[in-house]
Amino acid sequence: MQDFFRLTRKTFSAEFRSDPQIPDNMWIKCPACSEIVYVRELEDNHKVCPKCGYHHRISSQEWLFLFDPASFEEHDSDLLPNDPLNFVSLDVSYGEKLKQTQEKLGMNEAVLSGVGTIEGLPLALAICDFGFMGASMGSVYGEKMARAAERAAEHGMPLLTINRSGGARMQEGLISLMQMAKISVALTRLAAVHQPHISLLIDPCYGGVTASYASVADVIIAEPGASIGFAGKRVIEQTIREKLPPEFQTAEFMLEHGMIDMVIPRGELRGTLSRMLRLYAPSRVA
Amino acid sequence: MNLTGHETYSRELTAWDRVLRARHPERPRTLDYARAIMDDFVELHGDRRFGDDPALIAGIAAFEGQTVAIVGHQKGRDTRENVRRNFGMPHPEGYRKAQRIFQHAAKFGFPLICFIDTPGANPNKDSEERGQANAIAENILIMADLPVPIIAVVIGEGGSGGALAIGVADRLLMLENSIYSVASPEAAASILWRDASKASEAARAMRITAPELHQMGIVDGIISEPDEGAHTDNIATLAHVRVALRAALNELRGLSTAALLQQRYAKYRAIGSYQEAAVHQLEPVAAHQNGHAANTNA
Ligand SMILES: [Zn+2]
């Protein structure tokens, strides 16, 4: 197990580059527009469909394309989840499920965090990986987010959180709910040093994450078409006993209702972020 | 911490027994506490933005000779009142009314007392359009460094984010048969057991009862109920809560604002259960265990 932990502790290259192993003629059918898309073309476009603009989900590692090459340094990669309630449902223990997920994905938990630069400007970062139990918010998620906020406060740098989550990690019971408060208290430190928290909402983002730090950032950006809400669509449909329109709870819906600042396509994010970082740090740029 | 001097709780009750007691329609509600154990309760209405939500009440009152601000979910006693009060499930305007009172408390230096009794925040189309997630998130963030003492009491059901939105507190107390959970037992059962009828099993697995949450260090104190539950003797229950509130307020009264906020920070910052593998350290220690939800009371 020690080697496994060590594997996750490294500095990642932030360059987003197609895998040279992918043959030029490999293609997939876009799930949104059903057009044939070459995989290499898709990769070069940050996995945004060049035909229809559909934003495919990308892993936390892939998100590092936002940073200057080789500038990202991971922190807190050695935080490991516990099974504090000895939780068992349908004969599967939470502890066993964690172990299986860790082994399958080669990651310890759902959040990847650290510091890096965008066009030379430093910032702290925390990214959720939906592959790890739906990026549900448990103790490690909360601890990594809180430490990222405290690290940003300590070094006087902005915090970027890239948020997607199905909600709380129910297997950790009320401890998971309290992570909402834990991250919020940590964010008061960042506010005290007048550094911004920029929250990027990506598909899908629900529950305890939207009902806490992700929705009270100084600036909130969403990816086009991302589903964002408090309660899941199915829960609402069951409550009101009617079908919801397709645009309900999309990034565009959130923008229209005044809940977020902007909807930015993935390809333009780095430029938008670097512009914002410069504006919030006027003294650092001549 | 035991606030009413009772040393034993009815431990033979199952989690589901407590769920039923926590939801009992004859339990005292927020307005009962505001009127019976406070003097001169004045209800304040509206969020000044959209409307007034009857599912969450707010106001000011005198308690033990001191003005306090009060916020609480309000369930009904019968079907008609429950419909009017939406079963104690606030819309965003309810949480924004609470936010108004939080800021009111800070402005006038009133301690804030919150009564938690909700199945959860209202999940419907209107709530989403008006920003339910944002309303809850803002409340949690504001409570994180609100410069007055905050005491929250779970008097019935503590339902997830809808409860936490008025529940970040220097002292979190629970009535003996109240429950506090990240998801309702029914919702957890339908997700994790794929069968809503497994709610009692989910209630047990999630550790939602006051004694369990106290043991985990998330809840600071338990307020005992009459033997057969709060619904069998409202007067005694109200009296127990009055004693517990007085004790908690007295503990917090002497603290400077800086010390109060420092304690609140440390308390919430410490909640979590994880291990930290020691790969960054020189000693060849494989891993060390952090305590479960360790805080000062664990
Ligand atoms: Zn497409």
Side-chain angles (χ1 to χ4, degrees), chain A residues 1-2 5-6 9 76 78-85 87-90 138-140 142-143 146 167-182 184-188 207-208 210-216 228-232 235-236 239-240 244 248-249 253 257-259, chain B residues 121-125 127-134 136-138 140-141 143-145 158 160-161 163-165 167-168 180-183 187-188 191-194 198 201-202 205-208 213 216 218 264-265 268-280 286-287 289-290 292-293:
Chain A
M1 279 306 266
Q2 274 304 296
F5 302 148
R6 239 177 233 111
R9 183 189 168 226
D76 304 322
D78 53 349
L79 289 188
L80 292 166
N82 273 343
D83 180 6
L85 310 186
F87 192 94
V88 179
S89 67
L90 294 175
S139 295
V140 172
E143 184 66 23
R169 180 82 51 90
M170 278 188 275
Q171 294 90 338
E172 293 187 23
L174 204 64
I175 296 172
S176 67
L177 187 77
M178 292 297 154
Q179 302 309 305
M180 296 162 71
K182 172 155 106 180
S184 298
V185 298
L187 281 169
T188 64
T210 52
S212 63
Y213 71 95
S215 294
V216 285
I228 301 159
F230 172 64
V235 172
I236 300 170
T239 308
I240 64 174
L244 291 163
F248 185 72
Q249 287 186 334
F253 171 96
H257 286 90
M259 297 301 154
Chain B
N122 188 60
N124 73 359
K125 197 159 166 275
S127 292
E128 295 287 331
E129 285 172 350
R130 298 202 286 271
Q132 187 72 287
N134 166 267
I136 294 170
E138 283 197 350
I140 295 169
L141 189 61
M143 294 182 102
D145 63 355
S160 196
L164 187 63
V168 180
Y180 197 174
S181 62
V182 63
I191 295 165
L192 295 175
W193 279 260
R194 299 187 195 99
K198 294 282 195 295
E201 200 173 322
M206 286 196 295
R207 320 253 171 145
I208 63 176
L213 294 168
M216 284 158 67
I218 294 178
R264 194 182 303 156
Y265 191 96
Y268 282 96
R269 194 60 190 76
I271 298 180
S273 173
Y274 55 85
Q275 303 162 52
E276 195 157 11
V279 291
H280 296 287
Q289 291 267 337
N290 282 45
H292 292 177

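Labels below follow one simple rule: chain letters A, B, ... track the order of the sequence lines, proteins then strands, and each chain is numbered from 1. Computed from a prediction, not measured in an experiment: that's the story for all the values here.
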**Q** Is a side-chain donor or acceptor of A:Ser139 paired with a backbone partner of B:Gly272 at a separation under 3.5 angstrom?
**A** no
**Q** Count the heavy-atom pairs under 4.5 Å between each of B:Lys198, B:Met206, B:Arg264 and chain A, then report the option with the highest count.
**A** B:Met206
**Q** Hey, what do you get for CG (B:Asn134) to NE2 (A:His257), rounding to the nearest 0.5 Å?
**A** 13.5 Å
**Q** Spell out, as yes or no, whether a donor-acceptor pair under 3.5 Å connects the side chain of A:Lys182 to the backbone of B:Ile271.
**A** yes
**Q** CE/A:Met178 to CZ/B:Arg269 distance, rounded to the nearest 0.5 angstrom?
**A** 15.5 Å
**Q** Just how far is it from atom CD1 of B:Ile208 to atom CG of A:Leu174, taken to the nearest 0.5 Å?
**A** 10.0 Å
**Q** Relative to chain B, which segment of A:Ile240 carries a heavy atom at a distance below 4.5 Å: side chain, backbone, both, or neither?
**A** side chain
**Q** Give a yes or no answer on whether the side chain of B:Arg207 reaches the backbone of A:Gly173 with a donor-acceptor pair at less than 3.5 Å.
**A** no
**Q** What pairs with B:Ser160 under side-chain contact (heavy atoms from CB on, under 4.5 Å), at least two apart in sequence or on another chain?
**A** A:Leu177
**Q** At their closest point, which heavy atom of B:Tyr265 faces which heavy atom of A:Val185, and how far apart are they?
**A** CE1-O, 3.1 Å
**Q** Can you name the closest pair of heavy atoms from A:Ser176 and B:Val182 and give their distance?
**A** OG-CG2, 3.3 Å
**Q** Looking at A:Ala168, A:Gly167, A:Ala146, A:Gly207, which has the largest count of heavy-atom pairs under 4.5 Å with chain B?
**A** A:Ala146
**Q** Checking heavy atoms, do the side chain of B:Ala202, its backbone, both or neither come under 4.5 Å from chain A?
**A** neither
**Q** Output yes when a side-chain donor or acceptor of B:Gln275 lies under 3.5 Å from a complementary backbone atom of A:Asp78, and no otherwise.
**A** no
**Q** Quick one: closest heavy-atom pair of A:Leu90 and B:Leu192, and the distance?
**A** CD1-O, 3.4 Å
**Q** Specify which of B:Glu138, B:Glu129, B:Gln132 makes the most heavy-atom pairs with chain A at under 4.5 Å.
**A** B:Glu129
**Q** Among B:Asn124, B:Val168, B:Asn122, which has the most heavy-atom pairs under 4.5 Å with chain A?
**A** B:Asn124
**Q** Under the 3.5 angstrom rule, does the side chain of B:Glu128 hit a backbone N or O of A:Phe230 as a donor-acceptor pair?
**A** yes
**Q** Using non-hydrogen atoms and a 4.5 Å limit, figure out which bit of A:Met170 sits close to chain B: side chain, backbone, both or neither.
**A** both
**Q** Search all heavy atoms of B:Ala144 against all heavy atoms of A:Thr188 and return the closest pair with its distance.
**A** CB-CG2, 3.8 Å
**Q** Using heavy-atom distances under 4.5 Å, tell me whether A:Thr239 contacts chain B through its side chain, its backbone, both, or neither.
**A** side chain
**Q** Taking side-chain contact (heavy atoms from CB on, under 4.5 Å) as the test, write out the residues that go with A:Leu79, two or more places apart.
**A** A:Asp76, A:Val140, A:Glu143, A:Lys144, A:Arg147, B:Tyr274, B:Glu276
**Q** Heavy-atom pairs under 4.5 Å with chain B are the metric here; pick the option from A:Gly208, A:Ser184, A:Gly229 that has the most.
**A** A:Ser184
**Q** Nearest 0.5 angstrom please: A:Ser89 OG to B:Ile191 CD1, how far?
**A** 11.0 Å
**Q** Could you have a look at A:Val235, A:Ile236, A:Leu244 and say which one has the most heavy-atom pairs with chain B under 4.5 angstrom?
**A** A:Ile236
**Q** Which atoms form the tightest heavy-atom contact between B:Ile140 and A:Ala211, and what is the distance?
**A** CD1-O, 3.7 Å
**Q** If you look at every heavy atom in B:Leu164 and A:Met180, which pair is closest and at what distance?
**A** CD2-CB, 3.7 Å
